[in-house]
Structure formats: C-alpha cells, structure tokens
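Beneath this line is the structure, given in structure tokens, with notes to follow.
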Amino acid sequence: MGARPSLPLTGGCACGAIRYEVTTFPLLLYTCHCTDCQTRSGSAFALNMPVETSGLRFVTGEPKGWHHRSPSGAEVASWFCEVCGTRLYGSRRSRPETVNIRAGTLDDTKWLEPIAHFYGRSAQTWVQPAPGAECHEIGPSDFGPLAAKWRALWPEFFPGSR
Ligand SMILES: [Zn+2]
Ligand SMILES: [Zn+2]
C-alpha cells in the first residue's frame, strides 16, 4: 500500500459545477467490468467506491439523476452533472444507506487500489488485476468478508478491525 488519504475526501465533476466531500472512509473499492459499466464509463471498467450516504455532502451544485432498472431488476439511479455529464455516483432504492461513488471523480486518486475485480467474465483481455485483489467472474454473493478485508487495510479509519 502506498499513499494514505485523509478525510474528508474531496472531488467533483469535470466542469466544476459540482463539488463534493466524503466525511466517512469508503466501505470498499472495486472495479466492475460488466458491459453496462463499460458502456456508461465509455471505458474498460468502472472504479466503484461505496460510501455511507450520510458521509456524502455536496459543497457546490446538485447532481441530476437518471432512474432506471438494473439488469437484475433493481431500481437504481445514476447521478451526473447536467452541465458536463460526468457521472459522479450511483444509488439503489433497496439500499439507501450507501451510495457508490465513481472513484475517478476524486481530486486525489493516487491511493486508489481496488481490493476486488467484478465481472471478470466480460473484462477486456488485457486488463491485469491489482496485486492481491480478488477476481470474481461476476461478484461475491456476500460482501461481508470482502468489506472486512478492506477495513483491515485501513486501521486508522476503522479502529478495532484488526
Ligand atoms: Zn460538471
Ligand atoms: Zn458493472
């Protein structure tokens, strides 16, 4: 592990109309290589960073939501800047306590090292996993063990988890 971030984390969209801060440490960091994430990012994968909804605060601007259903039928929303179109985070109606921030919108991305890779079955063949990261054909059915592993990497933010 290299750089250690400090709270609050700060970030925003490409044009600056939206600025946010995150006051609680992320619960996980993983990539998703599903074809939806490829389409929506216009790239090879999404870098997802779930955080507690109560820890996300908009300093400037308000994102706009695109409400739709996921392939599994869940009611989800993608939140983006209506000026520049940057996707900032996703939310899920059935799980209101967390939001899934697109980690590339953080100001400081140097410390971002995913702990897992999801949807390896549709990953681009040249993508290499991060050292020590779990690789899943789809995703884990239970996020608990993965989240515990993540917390153990960041004892300064999760005291007592070691
Ligand atoms: Zn913008
Ligand atoms: Zn995906």
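One-based numbering, in listed order, for ligands and for the atoms of each. Being a predicted model, the structure only gives us computed values, none of them experimental.
When the side chains of ILVMFWY residues are joined at heavy-atom separations under 4.5 Å, either directly or via intervening members, L106 and L7 end up in a single hydrophobic cluster. Tracing side-chain contacts under 4.5 Å through hydrophobic residues (I, L, V, M, F, W, Y), one reaches M49 starting from W79; they form part of the same cluster. Hydrophobic clustering (side-chain heavy atoms under 4.5 Å, transitive across Ile, Leu, Val, Met, Phe, Trp, Tyr) keeps W66 apart from V76. Hydrophobic clustering (ILVMFWY, side-chain heavy atoms < 4.5 Å, transitive): F80 and V83 are in distinct clusters.
Among protein atoms, those of element N, O or S found less than 2.8 Å away from the Zn ion (ligand 1) are C13 SG, C15 SG, C81 SG, C84 SG.
With Y20 as the fixed residue, the side chain to side chain contact (heavy atoms under 4.5 Å, CB included) test singles out one of L9, L88, V59: L88. For the pairing with L47, the side chain to side chain contact (heavy atoms under 4.5 Å, CB included) check across L112, I101, T105 returns one residue only, L112.
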Which is it for W154 and R4 under the side chain to side chain contact (heavy atoms under 4.5 Å, CB included) test, yes or no, and what are the steps along the way? CA-CA 9 Å; W154 305 99; R4 314 290 290 187; 3.4 Å; yes
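Ionic pairing of R121 and E137 is not present here: no N-O contact between side-chain nitrogen and carboxylate oxygen is shorter than 4.0 angstrom.
Between W111 and F157, the ring center distance fails the sub-6.0 Å criterion.
Taking 2.8 Å as the limit, the number of protein N, O or S atoms around the Zn ion (ligand 2) is 3.
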